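Note sheet for the following structure.
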Amino acid sequence: MAVEISKVYEPRSVEEKWYEFWLKNKLFSCKVEKGKKPFTIVIPPPNVTGSLHMGHALNNTLQDIIIRYQKMRGFNTLWVPGTDHGGIATQNVVEKLLLSQGTNRQDMGREKFVERMWQWRRESGDTILNQLKKLGCSLDWDRTRFTMDEVCSRAVVFAFVNLYNRGLIYRGKRLVNWCPHCQTALSDIEVEHEEEIGKLWHIKYPLAENGKQPKSAKKSKKSGEYVIVATTRPETMLGDTAVAVHPDDKRYKKIIGGKIRLPLTDREIPVVADEAVDPTFGTGAVKVTPAHDPVDFDIAARQKLPHIVVIDYQGKMTPKAGDSYAGLDRYEARKKVLHDLETQGLLLETADHPHSIGHCYRCNSVIEPLVSEQWFLKVEEMSRKAMQVVEEGKVKFYPESWKKPYLLWLENLRDWCISRQIWWGHRIPVYYCVSKSSKSGKDKPIKSNCPPIVAHEMPKKCPKCKGTNIVQDPDVLDTWFSSALWPFSVFGWPKKEEEFSSSDLEYFYPTNVLVTGHEILYLWVARMIQMGLEFMGDVPYSDVFIHGMVRDKFGKKMSKSLGNVIDPLEVMGKYGADALRFSLTQSAAPGRDMQLAEDSFVGARNFTNKLWNASRFVFMHLQNVTWQPGFMAVWPLDLCDMWILAEYRLLVNKVTDAMNKYNIDEAARLIYDFFWSKYCDWYIELAKIRLMGSNERNKKTAVSMLIEILSGVLRLLHPIMPFITEEIWSILIELTGLKSPDQLVTIMTSSWPVAEKEKASSKDVEDMNLLQNIIISVRTIRSEMRVPPGKKINMVMNIISPRQMKIVADHLDYIKALAGVENILTGQRLKRPAQSAVSVVSEIEIFVPLAGLIDIEKEKQRLVKEIQSTEVEVERCNKNLSNQSFVQKAPKKEVERMKNRLIEAKVKKERLQESVKSLE
RNA sequence: GCCCAGUUAGCUCAGUUGGUUAGAGUACUUCCUUGACAUGGAAGGGGUCAGAGGUUCGAAUCCUCUACUGGGCACCA
């Protein structure tokens, strides 16, 4: 019975109960149903390292809202869950763990380490998925995938082999971004550039004597001529193989082709001319270190300069850097180089120099550009196609503002370095025959005399020499390589042709929408589009919904190190999952970051409570009422019924519209406003008049209207707040006798409200607004005159317009009930009763006699203030209407409206003035 | 340096194609525990819509510039 229902909504038990119910009844699972349209989302797989943070909570709430909404609209919805192995990030986590246990991966060896990784994944990899259940996510758990499970791994190998065979994947020796901490190469987007104030050192590079081979450093010093170069990284000078100047730079024309004695070494390097040098920057002379700088690498290629590697994979100086530097860390070496230069008098000036430095996106170490042999994916053709589908609108971004950066990025994209020198990931399916090679030990490059074998499985013997000593390439693939295949690998791609027609892949691909933050737009979104087009011949989704980032209340990024994280699990425990979801939704305008503070959850929690209590009120009146969703009251409706129907219809249209455009924040606010300030504040209060009355027919009308609107709101709100709406819904149908145990009556499977055309119109809204304004004005008088809330008062109204008179006369009970009025006297020219307060609403004169209660001075002040603002209004209207341009150019409708405003304001002013006079 | 977004009440944000006195929530003031709800109700105070200029009968809304904030991209050693 309704009476027993708690006064305060208690989310905890409700949430558990319903999630279990949904699972038990398989409401999230989806199968191929020919003839029914699918609506599919594939989850952005969280890393297995992860534990749910606010970003996940937001991302998954939004996806769940879309899925639930589309399900209610009749689509065969599928939301595929899964996790990502997370390559470097995950390996780092486990390595840290090992370190704390006094061991490391090198000591363990590859095989054991990888086994340890799998163990870790088994133990803690599903944490985040379980946390998503608490959020209420309607994921089809039977389809849970992992980027390194059998199905997805097969897809990765297939993709690699296919791309290799078509010449799109190749191996090359290039300058790549190397992270000395993670011990691996990184792709260009995995490097984050940060602006730092560094130093620009100016160094004297002495010229070698002309034509002669200098035999010692002493001789060249005598010449006294030198070139000054500027550098931010002096330690790399040990690997310089040239000095470059611009070909047209007059200052250096003479020395082009000449030689430089490279300080701190016994080497001599040429002066070359290259267009890449900007003669206006610094001294116009550049030291060239091909092995450690991307620009220099290119110069060296053009000028055919040798590479000298002076920094190794650990970020330490190599023997080639010279005996006194070899083995030093790169920053130690920098100090020593500077010191040595200074003692030799070769260090000139030092200036502060702001420049950006690349950092590893996983461990934040400073990236070292190093030459190494890596696997690359050719992107030019793929990028062109991926740009085309966005330009043509086959893939749409919400908000559209991300379209341009996306296109720009693809336009300038360079080949993707896809190999990583770590152990956790998909091992590259390339095999080498080492049967005839000398043994290749640990950490040494594999040497093979036979061509590499690229295959789905390890070959038993070498096709060329028939040798059986075969090893696999030690590298693994970039974790984003498998992510790029995610939208189709989760459906079992690649399938054999004959399986294809009945497969999930064909039914669910392309999916409908990808929901993500903008931080992985390039890293992931762009690549999924490329790969989708490449392998499926179609885009992976038609919509990309990009939401903002969650920040703290000061606008700062939430991070553990700053200590400003709000834990979504804590919030759910304290306020409920629905409250968390609502507050996230409310501020999730597409593409805009949001600032979250505790207040926001409190507000949302209060809303759930309001919903709960309004429902309790409806439950109280449900005895002997039968109702079916969509069943409309047939009895004659009252004005307030017509009004709420009109407002409700407007709401349904607006909410549906907003949902379709991913303006979910707007949808949330619309429902909130309607429910709280229209349904609760006015409709329920007015319905009480009939419910407390004795007319059974009127009672029934009111009750069925209450249910009808409530049920609509519950359905509109269900995608955003699934738990509480399901709970209320279930009570509602139980009390109205609708439930049968084997009939799955759940809000999830009920339909999204459709705004049917009612008789209710904007006229009903206008009429209702008039009554509301009258009520508010009386309440204001009561409040300002300090009339005790319990005290009944009387009213006198002068109403000229017959239409207004009818509205008021027909609804005196509204005014009486909501303004605390006992008797109302209406007329056209009634006299102002002695000692009464006055108000004018839409030309209606309202007197509230307050003998003994009225404070004449106060009332006078109030009226004078009111008159002043009315005067402003009169003037404004007069000004407009006396302006010939306005009268001629503005739409007639506007002019008419202005005239009416003027009349109304004038009447109001006159009446108020009369009242002030009569106060004396 | 280039591009994008933002700047509205103390705080967090709405404000549809230009058109009543620019709205919510929160915070603040006053009153109220009335048969849904004090996680509530009623009423009130609070804004030169970042600044300047322009278009227009009319600009928070459209255009230009400036300032600040955030983001993306590219970086010259």
Side-chain angles (χ1 to χ4, degrees), chain A residues 2 5 7-9 193 200 229-233 236 244 276-278 280-289 293 295-296 353 355-356 399 401-402 404-406 408-409 412 518-519 521-522 548-549 551 553 555 575 579 586-587 589 591-597 599-600 602-621 654 657 665-666 669 672-673 676-677 680-681 684-685 688 692 776 779-784 786-790 818-820 869-870 872-873 876-877 880 883-891 893-895 897-898 900-901 904-905:
Chain A
I5 296 169
K7 262 172 95 165
V8 172
Y9 173 61
H193 292 274
L200 190 62
V229 297
T231 181
T232 52
R233 301 199 53 197
T236 62
V277 181
D278 177 359
T280 63
F281 184 88
T283 60
V286 188
K287 60 189 276 305
V288 182
T289 321
D293 184 280
V295 177
D296 295 1
H353 181 65
H355 62 144
S356 69
S401 54
W402 280 105
K404 207 171 155 185
Y406 167 90
L408 209 71
W409 184 76
N412 301 316
H518 58 74
E519 69 276 6
L521 182 67
Y522 310 132
M549 231 172 53
R551 299 173 175 279
K553 64 172 169 181
Y575 303 104
Q586 208 180 7
S587 43
R592 298 245 285 145
D593 288 351
M594 65 193 68
Q595 294 182 211
L596 269 193
D599 285 354
S600 157
V602 174
R605 188 270 319 265
N606 294 354
F607 180 53
T608 59
N609 202 51
K610 187 73 176 177
L611 186 63
W612 183 248
N613 279 295
S615 303
R616 279 178 63 224
F617 173 79
V618 176
F619 297 158
M620 277 173 46
H621 301 279
K654 281 184 179 171
D657 206 43
D665 58 319
E666 196 188 338
R669 278 192 304 270
Y672 180 100
D673 286 344
W676 204 312
S677 57
C680 292
D681 290 351
I684 286 185
E685 293 308 316
K688 281 177 183 171
M692 309 298 178
I776 289 169
R779 282 173 174 174
T780 306
I781 289 170
R782 291 188 65 122
S783 177
E784 300 215 334
R786 301 283 153 85
V787 181
L818 298 197
S869 70
T870 313
V872 171
E873 173 76 354
R876 195 194 319 265
C877 296
N880 268 330
N883 181 346
Q884 280 309 299
S885 319
F886 173 78
V887 178
Q888 283 162 15
K889 290 183 183 173
K893 216 171 116 191
E894 262 331 295
V895 180
R897 193 153 72 180
M898 195 59 69
N900 287 334
R901 269 174 66 186
E904 203 172 292

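So that the names make sense, note that chain A is the first sequence line, chain B the second, and so on, each numbered from 1. Side chains are part of it too, since the values below use all heavy atoms of this structure and drop only hydrogens, waters and symmetry mates. Everything quoted here is computed from the prediction, not taken from an experiment.
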Given [options], identify the nucleotide with an atom nearest to the side chain of [X].
| X | options | answer |
| --- | --- | --- |
| A:D278 | B:rC57, B:rA36, B:rA77 | B:rA77 |
| A:E894 | B:rC13, B:rG44, B:rG19 | B:rG19 |
| A:A614 | B:rU20, B:rA36, B:rC57 | B:rA36 |
| A:R876 | B:rA24, B:rU21, B:rA77 | B:rU21 |
| A:S885 | B:rC57, B:rU21, B:rA43 | B:rC57 |
| A:R897 | B:rC37, B:rU20, B:rA77 | B:rU20 |
| A:R901 | B:rG35, B:rC37, B:rU21 | B:rU21 |

Are OP1 or OP2 of [N] and a side-chain N or O of [X] less than 4.0 angstrom apart?
| X | N | value |
| --- | --- | --- |
| A:W676 | B:rG41 | yes |
| A:K688 | B:rA36 | yes |
| A:N613 | B:rU39 | no |
| A:Q586 | B:rG25 | no |
| A:R782 | B:rC31 | no |
| A:H193 | B:rC73 | no |
| A:K7 | B:rC37 | yes |

Over-ring placement of A:K610 relative to A:Y672, 6.0 Å and 45° cut-offs = no

Drop me the distance from A:K889's NZ to A:E894's CD, to the nearest 0.5 angstrom.
-> 16.0 Å

For B:rA9, the Watson-Crick or wobble partner whose two distances fall under 3.5 Å | none

Should the pair A:Y9 and A:W612 be assigned to parallel (<30°), tilted (30 to 60°) or perpendicular (>60°) ring geometry?
-> tilted

Could you work out the separation of B:rA60 and B:rA22 based on their C1' atoms and round it to a whole Å?
-> 7 Å

Is there a donor N/O on one and an acceptor N/O on the other, under 3.5 Å, for the side chain of [X] and the base of [N]?
| X | N | result |
| --- | --- | --- |
| A:E784 | B:rA42 | no |
| A:S783 | B:rC31 | no |
| A:R605 | B:rU39 | yes |

A:C877 and A:E873, any side-chain heavy atoms less than 4.5 Å apart = yes

